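Since the structure comes first, as structure tokens, the remarks are kept for the end.
The sequence lines fix the lettering, A, B, ..., with proteins before strands; numbering per chain opens at 1. Predicted, not measured: the structure shown is a model, and the values here were computed from it.
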Amino acid sequence: MTDPNPPYLYPPYGSTPLRAPSRPLVMPSYGPDAIELVSPVFGHEELGLLDNDLTRQHSGDPIGERIIVTGRVLDSGGRPVPNALVEIWQANAAGRYIHLREQHPAPLDPNFTGAGRCLTDADGRYRFVTVKPGAYPWGNHHNAWRPAHIHFSVFGTAFTQRLVTQMYFPGDPLFAYDPIFQSIPDEKARERLVSRFDIDTTVPDWSLAYQWDIVLGATPTEA
Amino acid sequence: MSTPSQTVGPFFGYALPYADGPYVVPEWHPDSIRIRGRVLDGAGEPLPDALVEIWQADADGNVARGGGALRRAGKDFSGFGRCGTDAAGNFWFSTIKPGGPAPYIAVLVFARGLLKPVATRIYFPGEPGNATDPVLSAVPVDRRDTLVAVQEGERSYRFDVHLRGEQETVFFERYFG
């Protein structure tokens, strides 16, 4: 199967030319004991009870459209990956990150930090409660805007599966103009990053919901 | 088809790094070593917004299966470390040298401008097993040094990651079909 990942060098994304490796990657001849074939393990006792609810980390409710984001972490064979650490971070509803280097003139929300984590359950399922992030401008080119997204960091069962990516929202008009989204050459692969509206998970009078599954890459032993 | 990678972006600093991240073992551990280095771009400029993760076996070559990397509090050795680079591109870890004939530490680097992480390994200088290590041996001879840490003191090593350019570090394929 063809590699769905973006290349390192994608000049429309202006930070890549100086940071993309230029030499061919070396195919590693991992022996059966290679550390890359297993993953770090994380335990429930290491996480806080509210780590997966980004709307309850402060004294008040954050401003914005409350959403539930759920999905499963699956391996390349479609099998659920239980106990996988999933970390997320995002801008607030106005499109502003709490990060110090963020300069976008949109308001911070004292009731929203925008970081969360959880472990997948026995069915590989994760669940976060948050607010829908806003789009925000960035300096890549004139009038550049990032489509609304939530950053995801996932550990699988092998360190080779370690994945950091971004989840987008369906129908975003900014997709066509975003070099980070467009850096993925294959259209079907790009669609893998777009969540779907999930009426079944919405909670009446309380929250909308989006569903997004994450499929990890094949490990060297599966290949 | 697997889910494609996207860049970690510039704004992960409040979310991914954590206080215990660089302390794979506490500095008072009798076998602790210190590994420090910088992440540099193709112009030799340091990256102030990179994230470095390490993953390794223990001193006997065993792989931890018990957790304890996020909240270390006296836990057993977890083998995982995470450190964001500072304004001068520096990262560091307090850890131990793993066991095995050719000890190594797996490394992933994430950064703004990296649409997918780079994967490499830290090997240790003067290890006789390096010559027959299958992964190191598959690397072109003239580039193997980029995977070997430089000894700075009895218990301290330096390992710089050059993303691009003359001294470009060897990076490994991460896509396996």
Side-chain angles (χ1 to χ4, degrees), chain A residues 1 3-8 10 13 15-16 18-23 25-31 34-36 38 40-43 45-47 76 87 89 97-99 101-102 113 115 151 153 159-160 162-166 180 183-184 188-189 192-193 214-220 222-223, chain B residues 1-16 41-43 45 47 49 53 55-57 61 63-71 78-80 100 104 106 108 110-119 134-135 138-139 143 163-165 168 170-177:
Chain A
M1 206 177 290
D3 187 348
N5 292 298
Y8 285 115
Y10 187 72
Y13 176 20
S15 296
T16 67
L18 273 177
R19 295 184 169 191
S22 62
R23 313 271 191 112
L25 299 179
V26 172
M27 182 56 77
S29 44
Y30 293 138
I35 193 82
E36 289 88 348
V38 283
V41 173
F42 301 93
E45 70 286 354
E46 301 182 73
L47 278 66
S76 63
E87 298 165 282
W89 69 104
Y97 284 88
I98 205 162
H99 195 282
R101 294 181 62 235
E102 156 74 292
T113 301
H151 295 268
S153 159
F159 207 48
T160 57
R162 179 89 180 84
L163 175 69
V164 169
T165 187
Q166 301 179 24
I180 292 179
S183 68
I184 298 162
K188 284 202 159 37
R192 297 302 296 256
L193 297 182
I214 298 161
V215 182
L216 301 176
T219 65
E222 291 168 337
Chain B
M1 182 190 285
S2 56
T3 305
S5 175
Q6 294 271 266
T7 179
V8 77
F11 299 136
F12 58 81
Y14 69 96
L16 294 181
D41 72 12
E45 293 297 319
L47 272 64
D49 51 7
E53 290 184 348
W55 169 228
Q56 63 169 99
V63 179
R65 307 314 298 143
L70 294 177
R71 198 171 289 173
S78 72
F80 176 75
Y104 67 90
L108 287 175
F110 303 85
R112 168 178 65 84
L114 282 179
L115 286 159
K116 50 190 176 182
V118 289
V135 173
V139 171
R143 299 188 65 204
L163 293 176
R164 191 178 176 89
E168 186 172 317
V170 166
F171 300 116
F172 296 110
E173 178 63 65
R174 297 190 73 240
Y175 180 73
F176 301 97

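- B:Val135 touches chain A through backbone and side chain together, each having a heavy atom under 4.5 Å away.
- Most heavy-atom pairs under 4.5 Å with chain A, from the set B:Gly100, B:Pro10, B:Gly165: that is B:Pro10.
- Looking at residues two or more places apart in sequence or on another chain, you find a salt bridge (charged side-chain N to carboxylate O under 4.0 Å, His left out) between A:Arg162 and B:Glu53.
- Most heavy-atom pairs under 4.5 Å with chain A, from the set B:Gly113, B:Pro134, B:Ala138: that is B:Gly113.
- In terms of heavy-atom pairs under 4.5 Å with chain B, the best-connected choice from A:Val26, A:Ile35, A:Val215, A:Ile184 is A:Ile35.
- Interface remark: of the candidates A:Arg192, A:His151, A:Lys188, A:Arg192 forms the most heavy-atom pairs closer than 4.5 Å to chain B.
- Between chain B and the residues A:Met27, A:Glu36, A:Arg23, the largest count of heavy-atom pairs under 4.5 Å involves A:Arg23.
- Both the backbone and the side chain of A:Tyr8 come within contact range of chain B, with heavy atoms under 4.5 Å apart.
- Proximity to chain B (any heavy atom under 4.5 Å) is restricted, for A:Ser153, to the side chain, taken from C-beta onward.
- Chosen from B:Val170, B:Leu47, B:Val63, the residue pairing most often with chain A at heavy-atom distances under 4.5 Å is B:Leu47.
- Below 30°, between 30° and 60°, or above 60°: for A:Trp89 and B:Phe12 the angle between ring planes is above 60°, a perpendicular geometry.
- Note on A:Ala115, A:Gly43, A:Pro21: by heavy-atom pairs under 4.5 Å with chain B, the leading option is A:Pro21.
- Neither the backbone nor the side chain of B:Glu45 comes within less than 4.5 Å of any heavy atom of chain A.
- Interatomic distance, B:Leu108 CG to B:Phe172 CZ, rounded to the nearest 0.5 Å: 11.5 Å.
- Of all the listed residues (B:Ala57, B:Ser5, B:Ala111), the one sharing the greatest number of non-hydrogen pairs under 4.5 Å with chain A is B:Ser5.
- A:Ile180 touches chain B through backbone and side chain together, each having a heavy atom under 4.5 Å away.
- Aromatic ring orientation, A:Phe42 versus B:Phe80: perpendicular (interplanar angle above 60°, classes split at 30° and 60°).
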